[in-house]
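Data block below; observations after.
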Amino acid sequence: MTLLSVQNLHVNVDGKAILKGISLDVEAGEVHAVMGPNGSGKSTLAHVLAGRPGYEVIEGSVHYDGRDLLAMEPDERAREGVFLAFQYPVEIPGVNNSYFLKAALNAVRTHRGEPELDAMDFMQLAREKMSLVAMPNDLLKRSVNEGFSGGEKKRNEIFQMAVLEPRLALLDETDSGLDIDALKTVAEGINALRSPERAILTVTHYQRLLNYVVPDKVHVLANGRIIKTGDKTLALELEKHGYGWIEKEVAAA
Amino acid sequence: MSAVTPLADHYAGVFADLRKALPGRQLPWLEAIRERGMAAFTELGFPTTRNEQWKYTNVRQLTKHTFAPAHGAVRSTLSSGLDQSWLPDLKTHRLAFIDGQYAPELSAPQGLPDGVKLSPLSLALQQSPELLEEHLAHYAHGGANGFAALNEAFMQEGAVLQLADGAVLETPVHLVFVATEHAQPVWQTLRNLIVAGANSQAAVIETYVSAGKSVYLTNTVSETVLGQGARLHHYKLQEEGLEAFHVATHQVHQGRDSDFESHSLSAGARLARNDLNVGLAAEGANCRLYGLYIGGGRQHVDNHTRIDHREPHGTSRELYKGVLGGRARAVFNGQVYVHPHAQRSDAEQSNNNLLLSGDAEVDTKPQLEIYADDVKCSHGATVGQLDENMLYYLRTRGIDEAHARALLTYGFAHDVVERIPLAPIRENVERLLMAQLPHADALDDELVGELT
């Protein structure tokens with residue numbers, strides 16, 4: 001079943017064309033990687049799917065589970081099961097991390113028709129999911145991402161994802177800024193979420209996360225277009241040869 | 001210069017009628033203070049916006065009323081007692097005042113340790129006139145403006161707290177000032193004095209609330225004197241009704257190595273003006289001033305603070321935050337004055353404002369005046385709206401926009417609230433935040449008491 005279907009998507013940011021006709025289909029159960037050089041539009045793709053205000057869709061369509069995703073508000077998308085792990089998670093001083101996540105989880109649960117969790121049940125669930133990404137318990141008591149190290153912020157993203165259990169996870173450069181141990185832990189967290197009902201779309205500059213989160217498909221994005229799609233071996237070639245050869249190959253074709 | 005003469009005549013008339021009924025009539029020095037205050041008011045009148053200190057606070061709404069003293073022959077009381085929401089869940093030594101008169105039936109000052117005296121001003125004037133003669137009106141300046149002048153003339157009641165050298169008061173003192181409903185605009189003129197001896201320690205909470213909805217004026221002046229090494233935590237919770245006018249001065253005089261921490265919450269009143277002036281009058285004195293003001297509708301809230309670093313090695317920290325919606329207007333003026341002799345002074349000040357509507361307005365003016373050369377001083381002020389990135393982040397987690405806005409607003413204010421060391425007061429302020437902030441009904445009660 002096609003969970004995400006992007007057709008001929010054109011997006012402007014601040015009046016500038018960033019995505020220039022993206023098409024891709026992600027089936028439930030699949031992991032797709034979108035790779036590309038800086039400035040190719042990877043993050044824009046992740047954010048336009050999450051519903052970032054100010055990103056202007058000029059042309060094309062996005063369907064999620066058969067529904068028009070672009071017609072939904074960002075919070076509605078999240079309640080419908082779309083989750084974006086940010087490249088740069090936002091610090092929110094004064095807002096308690098556990099209050100925030102419990103509010104998010106209960107918004108999602110209410111939407112699914114499930115009962116809200118009380119503080120005790122939430123804490124039990126949170127502790128269980130925190131161990132999945134080896135996140136220290138005290139981060140839950142602090143303000144959202146405030147004063148977290150780069151690695152702690154990324155773990156917090158994957159932790160949130162594990163709690164919210166989305167159907168479509170969008171991972172924006174989740175591997176950046178992680179040392180190898182943290183990368184493995186985060187990858188385990190992501191892999192734990194893989195299931196036949198879910199899909200993951202990971203956006204990354206480097207191949208190294210894909211050693212641990214093995215993709216079914218790899219798309220290469222350059223200058224706002226997908227210029228090549230292949231399997232996991234494409235990521236390895238990109239790692240070995242850089243992006244230059246593929247851009248040349250496409251230009252020659 | 002002088003305000004409308006009929007108004008001055010009105011208050012001069014009230015003074016002539018009332019002065020025999022004011023406490024301390026037998027004390028010539030106090031009579032002299034009252035006359036000095038009345039003379040100052042006759043000269044000054046109420047401040048106008050031509051006065052630099054009142055440039056952004058127009059008291060015309062206030063001066064169009066003629067206020068009568070609230071205290072008549074029969075004092076009001078509260079049939080149902082003090083509202084639980086005014087009282088933190090905390091053991092305190094409490095003095096309660098209704099319409100500017102002492103209400104013993106609502107007070108519970110019992111259990112004070114040796115070396116600590118707490119009494120209403122009227123009683124203290126009888127029991128310890130020497131102490132009052134030495135300190136009363138020695139720090140706050142009646143000539144500062146018409147309100148301070150009127151306060152000198154009409155000071156009616158309040159609390160006097162005296163701590164002997166080394167006295168440590170474990171249980172906070174709670175002063176509750178309640179204004180009741182009246183058919184005519186009334187005023188209450190309150191005067192508090194805290195004299196803390198060397199190395200003494202205490203916490204004092206001043207709470208200002210309304211039991212009715214009518215128009216009245218609270219004119220309150222507090223004076224605090226800290227001896228060498230004394231430590232005082234002071235809380236001022238102003239949560240009066242939306243028709244109330246509140247004008248307050250707190251003058252703090254700090255001795256050597258003394259430590260003063262102030263938490264101020266302004267959440268009520270049609271117009272509130274707080275002057276908090278701290279004099280670091282001896283070496284090594286420290287102060288920390290924290291404030292939160294919340295305004296909506298047509299509320300006006302003005303905080304003026306002044307810290308005088310007079311002697312070397314003083315430290316001051318100041319953080320005031322404001323949340324303004326509707327057509328509310330706020331003023332912050334924070335003056336830090338480092339005198340030529342005050343080397344090695346260390347001052348940090350910041351004021352941040354969150355505007356929740358396009359019609360809310362704030363005038364913020366940090367003012368550093370430094371006349372010493374070896375000092376460390378910084379200040380900053382911001383005025384802004386909710387951060388779009390934070391809103392987006394919360395929404396990508398499924399939190400709807402109203403809830404996200406409420407949560408961010410709460411978070412902004414909580415930065416000040418979390419510095420309140422007494423947990424029951426912190427929780428009361430958190431509850432008040434939940435009640436006052438727009439969309440706060442979207443928030444879960446569990447926010448209260450959760451420490452970030």
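Note on naming: letters A, B, ... go to the chains in the order of the sequence lines (proteins, then strands), and numbering restarts at 1 for each one.
For the residue pair A:E157/A:T174, the side-chain donor-acceptor check at 3.5 Å is not satisfied. A donor and an acceptor atom, one from each side chain of A:T204 and A:K42, are nowhere located under 3.5 Å apart. A donor and an acceptor atom, one from each side chain of B:E318 and B:S316, are nowhere located under 3.5 Å apart.
Contacts between residues 391-400 of chain B and chain A, defined by a heavy-atom separation under 4.5 Å, are made by B:Y392, B:Y393, B:L394, B:R395, B:T396, B:R397, B:G398, B:I399, B:D400. Within residues 77-85 of chain A, the residues having any heavy atom under 4.5 Å from a heavy atom of chain B are, by residue number, A:A78, A:R79, A:V82, A:F83, A:L84, A:A85.
Interface summary for chain A: among B:D387, B:V417, B:N389, the most heavy-atom pairs under 4.5 angstrom belong to B:N389.
In summary, B:E261 and B:R419 do not engage in a salt bridge, as defined by a charged side-chain N under 4.0 Å from a carboxylate O. Using a cut-off of 4.0 Å between Lys/Arg side-chain N and Asp/Glu carboxylate O, B:R329 and B:D363 are scored as salt-bridged. Taking 4.0 Å as the cut-off between side-chain N and carboxylate O, B:R306 and B:D275 do not count as a salt-bridged pair.
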**OP:** Start with the C-alpha distance between B:K376 and B:E348, add both sets of side-chain angles, then the distance that settles salt bridge (Lys or Arg N to Asp or Glu O under 4.0 Å), and finish with yes or no.
**Re:** CA-CA 8 Å; B:K376 210 167 91 185; B:E348 277 176 26; 5.9 Å; no
**OP:** Go through the steps for B:H233 and B:H263 under the test side chain to side chain contact (heavy atoms under 4.5 Å, CB included), then give the verdict.
**Re:** CA-CA 8 Å; B:H233 281 187; B:H263 295 270; 5.8 Å; no
Original post:
Passes side chain to side chain contact (heavy atoms under 4.5 Å, CB included), A:R109 versus A:N106? Steps please.
Top reply: CA-CA 5 Å; A:R109 289 179 65 95; A:N106 282 333; 4.0 Å; yes
**OP:** Show your working on side chain to side chain contact (heavy atoms under 4.5 Å, CB included) between B:L237 and B:W86 and close with a plain yes or no.
**Re:** CA-CA 9 Å; B:L237 309 173; B:W86 303 338; over 6 Å; no
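Relative to the ring axis of B:Y208, B:K236 places its NZ or CZ within 45° and under 6.0 Å from the centre.
When heavy atoms are compared at a cutoff of 4.5 Å, A:D138 does not approach chain B at all. Both the backbone and the side chain of A:H47 come within contact range of chain B, judged by heavy atoms closer than 4.5 Å. With a 4.5 Å cut-off on non-hydrogen atoms, A:P89 touches chain B through its backbone and its side chain both.
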